[in-house]
Amino acid sequence: MSLFTLFWTFFKFGLVSFGGGYVLVPLLIAEFVDRRGIISTDAFGNLVSIAQVTPGPIGINSATYVGFTQGGFCGAVIASTGLVMPSILIGSLAVYYINKWKEKLLVKGILKGVRSAALAMLFYAVVIFLGMSVFTQSIPFRSLWNLITFHAPDFPAGFAFSLPAFLICGVTVVLIAKTRLSMTLLIVLSAIAGALICR
Amino acid sequence: MESEEPSISYGKKLWLLFYTFAKIAALVVGGGYAILPVVEETFSRKNKLISSEELLDMMALVQTIPGIIAANSAIYVGMKIAGIGGVLAAVFGVCLPSVTVIIIIAAFFPHLKPENPYLLGAFVGVRACITGLIIVTAVRLAKKTIQGWFEIICVTAFLILALFKLNPVYIIVLSMPLGILYTLYCTWRIKRSGVSG
């Protein structure tokens, strides 16, 4: 696979991956495992699990890995560059025009509405993250509703509360709200604490 | 573009963008929303280069344009702070940890199976910490940006829609006409009171 084809393939992926890196994984499987057959299903499964436990966004991790298998170091760089290129073009233009027109009534109105949506997303993110840390699964609201209305709560089988994770989360909230410790330091300390108590 | 430009040189802004986004990409796991706390800490509270409102604009924009959410956020912050040079510095920062680590793994440990219990525990720890960081950031941004009944009603309604699994993109699209209508209503009210008073 030539470096240009590699770049163009990932450029197209960058153009259609609305919603972030997770959307990319099925696209990669369709292109490189099914259509071209240049990466085995096994190797791809391993790639996804590696991409999740190594630093960096999953999308860029996967692009780097696929690029490396096709063209070594250059391939890795070219695949990642191709993937982010459409975002760079579209994103820069969008920010440029938002800045330019931010006093226009229409843009003001759009931003007014969008900020509320973004704030709601952020609170929703709290719920999602609770389901990935303090609880072992996403929070089942139906069961909670049953609990409140005095019916049998019937929580799903794998759903459990993790006290160590709850402690890490609670301590983080208190430390960030009350002290001037940096967030990165807290993340590193939590990784160590997690390795020791969250097994 | 900002009225009170802080005394940070262009070169220093580029370094700050590169360094912060490299740090974020290397440390933060869990996808798009997870990076917001560190962005808020660095660019909003410490260096006053971006406002709380602009951070919310960023959250909405990065989900409506295609691409990796972390990279899109880097592009937004980079463009706001230092133009196209800032975009390149921030995107380079986001990509560098991935490219380095994955190339090392692919070249030297192609059969690595990441099922070490300590490693998995560390990930639970990091996610629990990020949960806490997002809680604090969400409350901070809410305090700074909620100005009246419009925001309170919208945020509550949108949160309920999100909990019912409505796609975030639809929520963002839905919020736009509501914001436009409210802004028109506000200007109409100001005009009317201007005429009568």
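This one's a predicted model, so the numbers in the text were calculated from it and none came from an experiment. Side chains included, hydrogens not; waters and symmetry mates left out as well; all remaining heavy atoms used. Sequence lines set the chain letters: A, B, ... in the order given, protein chains first and strands last, and positions in each chain run from 1.
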Fill in the blank from the handout: Taking every heavy atom of B:Ile134 against every heavy atom of B:Ala34, the minimum-distance pair comes out as CD1-CA, 4.1 Å

Between [options], who has the most heavy-atom pairs with chain B when the cutoff is under 4.5 Å?
options	answer
A:Ile128, A:Ile187, A:Leu167	A:Ile187
A:Ile110, A:Ile60, A:Val126, A:Leu119	A:Leu119
A:Phe123, A:Phe166, A:Phe73, A:Phe13	A:Phe123
A:Ser92, A:Gly91, A:Ala79, A:Ala94	A:Ser92
A:Ser87, A:Pro86, A:Ala193	A:Ser87
A:Ala177, A:Ala118, A:Ser190	A:Ser190

Problem - Side-chain heavy atoms of A:Ile176 within contact of B:Arg140, under 4.5 Å - result: yes

Practice task
Taking the side chain as every heavy atom from C-beta outward, state whether B:Leu49 and B:Leu16 have any atom pair closer than 4.5 Å.
Solution key: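 In contact.
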
Partner chain A: residue of [options] with the largest heavy-atom pair count (under 4.5 Å):
options	value
B:Val101, B:Ile65, B:Ile103	B:Ile103
B:Ile160, B:Ile171, B:Leu178	B:Ile171
B:Gln63, B:Glu151, B:Lys46	B:Glu151
B:Gly78, B:Cys154, B:Pro177, B:Ala142	B:Ala142
B:Cys186, B:Ala157, B:Ala22, B:Ala107	B:Ala107
B:Val62, B:Leu88, B:Ile84, B:Leu133	B:Leu133

Problem - Part of B:Ala70 within contact of chain A (heavy atom distance under 4.5 Å) - result: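 The side chain, not the backbone.
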
Problem - Part of B:Val87 within contact of chain A (heavy atom distance under 4.5 Å) - result: side chain

Problem - Interatomic spacing from OG1 in B:Thr131 to CG in A:Leu130 - rounded to 0.5 Å - result: 5.5 Å

Quick one: what part of [X] sits under 4.5 Å from any heavy atom of chain B, side chain, backbone, both or neither?
X	result
A:Phe68	side chain
A:Ser133	both
A:Ser182	both
A:Leu83	side chain
A:Val127	side chain
A:Val188	side chain
A:Ser80	side chain

Do [X] side-chain atoms and [Y] backbone N/O form a donor-acceptor pair below 3.5 Å?
X	Y	answer
B:Ser44	B:Glu41	no
B:Asp57	A:Arg115	no
B:Glu40	B:Thr137	no

Problem - Pair A:Phe32 and A:Phe10, ring centroids less than 6.0 Å apart - result: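 When the ring centroids of A:Phe32 and A:Phe10 are compared, they turn out to be within the sub-6.0 Å range.
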
Handout entry: OH (B:Tyr19) with more than 12 external heavy atoms under 6.0 Å
Key =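 Not more than 12 within 6.0 Å, no.
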
Exercise for the section: Classify the side-chain pair B:Thr42/B:Thr20 by whether it contains a donor and acceptor separated by less than 3.5 Å. Expected result: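 Note: B:Thr42 and B:Thr20 side chains miss the donor-acceptor criterion.
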
